[in-house]
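So the structure is just underneath, and the comments pick up after that.
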Amino acid sequence: MPEAPALIAEAIRFDAVGKTFPTRPVPLRAVESVSFAVRRGEFVAILGPSGCGKSTLLMMAAGLETPTEGRLERGGVKLHGPHRQTGVMFQDATLLPWLSVLDNVLFPATIRRIPRAQVLEAAMRLIETVGLKGFEGARPHELSGGMRQRAAICRALVLDPDLILMDEPFSALDAITRDEMGDVLLDLWQHTQKSAIFVTHSIREAVLLADRVLVMSRRPATVAEELVVPFPRPRTPALADSAEFGAVVAHLRGVIAGNMA
Amino acid sequence: MKAALTSTLAVLAMLLGWEALVRGRAVSADLLAPPSAVLEALLRHPEILLDQGISTARETALGFLLACLIGAAMGAALSSAALLRRVAMPWVLALQIVPKMALAPLFVVWLGVGAPCRLAFAVFIAFFPVLIGTTAGLAGTDHGALRLCRVLGAGWWQTVLRVRLPYAVPHLLAGMKTAATMALLGVVIGEFVTAQQGLGYVVMFAASLGETALVLAAITLLCGIGVALYGVVLLAEWAFARWYGAPMPAGEFG
Amino acid sequence: MSVSALAAPARLPWLPLLVGAGVLLAWDLAVRLAQVPQVLLPSPGSVAASLWQAAPSLARHALATGGAATGAFLVAVLAGMVLAAVMMLSPLLNRLLYPNLLLFQLLPKVALGPLFVVWLGIGLPSLFAFAVFVSIFPVAVGTLAGLRAADPSQLRMCRAAGGSEWQAFRYIRLPTSMPYVFAGAKVAATMAFTGATVGEFISANAGLGYMVMQAQARSDTPLIFAALAVLCVLGAALYGAVGLAEDAARRRWGTRR
C-alpha cells in the first residue's frame, strides 16, 4: 500500500514516543512520551535549551534513530528509516568540498538515481530564490557560512519533499547572517505548502517562522507547552519589530524560565 | 618562487663550500670526494651505474606499486571489518615499533639473494604508510556527510564511491608519498644484504674499496630515483587536487 | 601466552594476544607436521631453544646494539631539538638549513651507511654516528613543526603582555611543541635501532646485526630468529620508554594551566 497523501491531513505524527540510549552505566533517557502531529503545510518550531533531546526527536523524525517506545507515523504509515519525501537540514551545511554548489544541490538526485535533467530546472529556481544565482559553479570553500547554508536549504528542497526537518540550521552562523537566513526561509514558505519541523533555541526565530511552537522540557525531553503563533501569513521580517511580537516572545521566555526553574 | 630560489641557492652554496673545502685541502678527497669528482665518477662508469641504476629503479617502482595495492587492500579490509581490526591492528602497529628494516636477513633466508627477496622486503617496508593512509582516510570521512547519505537512503557502494573515497584519497596520497621513500629504502637495504646487484650493492662495493667518489655517484643516482618516484606521486596528487578543487585535508604523513 | 592473557586485567587486548598465541601454535604444528626444513622456518620451540643456548652471547651483542642505539637516540633527540630551536630563533639559519633538511627527508638516508664506514672505520664510532644521523631528522623536523604550531592568538597575547621573543618561546612555543617532539622521538627510537642494526649489517665486529649476518652465513636460521626477536624487544622497549616519558611529561606539564 503506497502512501495516500490526499487522505491524510498529518504529515507526521508522534504518539507517546520515547527514546532511551543504552549507555553505561546508566541508560540515557533522551526523550519521554512525546505526542504531537504536524499538519500538511504547517510549520512547527521545537524550542528548548541545548542538549535537551530535541535533536534526538528530529533524528527520529528523519528515520535515523528508532523510537524505543511509542509510535511514529509518516503520512499515516509507521516510519521505517529515512523517507523519500523528507528533506533534512543540519546545523552544518555539510556540503561535499569537491562538488560545485549546483552538484551539491543535485546530490540527492544523484543518490536517488534521478536524471539530472529532470531536476535541473527546480534546482536552478531554488538557487535563484535563495540568492545564490551566479554561484552555481563555485566550490563550498569559496562561500561564506550563510551562503553554504543557503545551498543546504536548496539541497533539502530539491526533490520537492512534503516535509522538511531542520536541526538548528542557523545556530553556527553569526547573528546578522542568522536573521538573513530567517528571512530567506520565511520567503520560501510564502510560496510552498510544505510541512516543517524546525528545532531551535532562538525564541525570536521560532515565533517569526512557525505556525506553532512546542516548548520542550529539560532532559528527558517532553512537550512542556504548546503555543499557536497568532500572526497570519504572509509575514515579513518587520513583524519582529512589533509590540505584539515582543509580547509573544516575552511570554515564551517566561514559560521557558518557569520550566527550567 | 622566492623560497624556491633561496633553497636552490642554499643547496648550491653547500655544494660550492664542499668543493672549496676539499680543494683547499681542509678535508681529504679520499674521505669526502668533491662534487666535481662525483660528477667525474658518474661519467667514468656510465654502463655500470646505468645498469645497476635500472635494476634498482625497476625493483623500487614494482615494490612501490605492490606496496600501494597491498596496503590499500589491507586498509580497506581493516576498515570494513571491526573484528579483523581488533585482531590484526595491534599486531600491525606492533610491527611499526620494532626496527623492521633489520628484518631483511629473514627475507634472504626465505627468498634467496635474488630480486624476489628485495621486492618482498621493499613491499614489507613500504605497505604500512599506505595502509594507515587508507584506514585514516576511510575513517576520516565527515560525519555530517555520512549522515546525509543515510538521510538520502544511499546504498553502501554509493556511500563509498561518492563520499568515502573522495575523503580518503588525500590521506591515501600522503601515505603513498611516504611509501615511495620507503620502497627505495627497502630495495637498497635489500641490495646491502643480498650483495648481488643494484646501486646499493655498488655503494657497498665502492665503499669497501674506499672509492668515495663512486659511492657518492651511486647515492646521487639513488636520490634521483627517489625524487622521480616521489615526483610521480606529487603529480598524481596535483591531478587529484585539480579535480577536487578545494583545499585538501592534510594527511598524516608528510 | 594464552593463559597469562586470560589471567591479565580486562584492559589487556586479549583478543589479539589470543590470536597471536594461536598463530604461534599453528606455526609450531605446521612446521612439525609438514616437516618444513629448519633452515627455512624453524619452529617456535627451536627458536626458544636457540635463545636459551645462545643467551650469553646474545646478551653481550644485545648490550652492544642496545647501548649504541640508545646513546645515539639520546644524542639525536637533544641535537635535533637544539637544531630546531636554533632554526626557529634565527631566520637566516632557517633559510640556509631548512632546504637541506627537506632534501635529506627525501634521500634514502640509510643508503649512506657505507660512507660512515669509510669515514670512521669499522666499529662503534661509525655505527654510532650513522645511528645519530638517521634518527636526528624526525626529531628536528617534528620539533620545528611543533614550534611553528603555536597558536597565533596566544603569541599575540604574550606580546601584548610585554613578553619578549624568548619568553614567547619558553612559555608558549615550547609547551605546544611537546606532542610533536614526542612524535618525532618515537620515530627516532625506531630509527636509532634501524641505524645501529643496518650499520652492523654493513660491517661490524659486534652487535645483534653482526650476529644475524654470522648466523646467516652458517645458515643457523633459529639463531637469526632469536637475535631478531631480541632486537625487536629492545626496539619496542625504547619506543615504550618514550611513550612513558610522554605520559609523564603530559601529567607534569599538560595540566598546569
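Residue numbers start from 1 in every chain, and the chains themselves are labelled A, B, ... in the order their sequence lines are given, proteins ahead of strands.
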Next item on the list: Go through B:Gly144, B:Gly153, B:Cys149 and name the one with the most non-hydrogen pairs under 4.5 angstrom from chain A.
Entry: B:Gly144
Next item on the list: Output the option from A:Gly63, A:Pro82, A:Ala93 having the highest count of non-hydrogen pairs under 4.5 Å with chain B.
Entry: A:Pro82
Note to self: Is it the case that atom CG in B:Leu12 sees more than 12 heavy atoms from other parts of the structure closer than 6.0 Å?
What the structure shows: yes
Would you enumerate the inter-chain donor-acceptor pairs between chain A and chain B whose distance is below 3.5 Å?
{"unit_1": "A:Leu64", "atom_1": "O", "unit_2": "B:Arg150", "atom_2": "NH2", "d": "3.1"}
{"unit_1": "A:Ile111", "atom_1": "O", "unit_2": "B:Gln158", "atom_2": "NE2", "d": "2.7"}
{"unit_1": "A:Arg112", "atom_1": "NH1", "unit_2": "B:Leu152", "atom_2": "O", "d": "2.9"}
{"unit_1": "A:Arg112", "atom_1": "NH2", "unit_2": "B:Leu152", "atom_2": "O", "d": "3.3"}
{"unit_1": "A:Arg139", "atom_1": "NH1", "unit_2": "B:Trp243", "atom_2": "O", "d": "3.4"}
{"unit_1": "A:Arg139", "atom_1": "NH1", "unit_2": "B:Tyr244", "atom_2": "O", "d": "2.3"}
{"unit_1": "A:His141", "atom_1": "NE2", "unit_2": "B:Gly245", "atom_2": "O", "d": "3.2"}

Note to self: Just checking A:Phe135: does its CZ atom have more than 12 heavy atoms from other residues, nucleotides or ligands closer to it than 6.0 angstrom?
What the structure shows: no
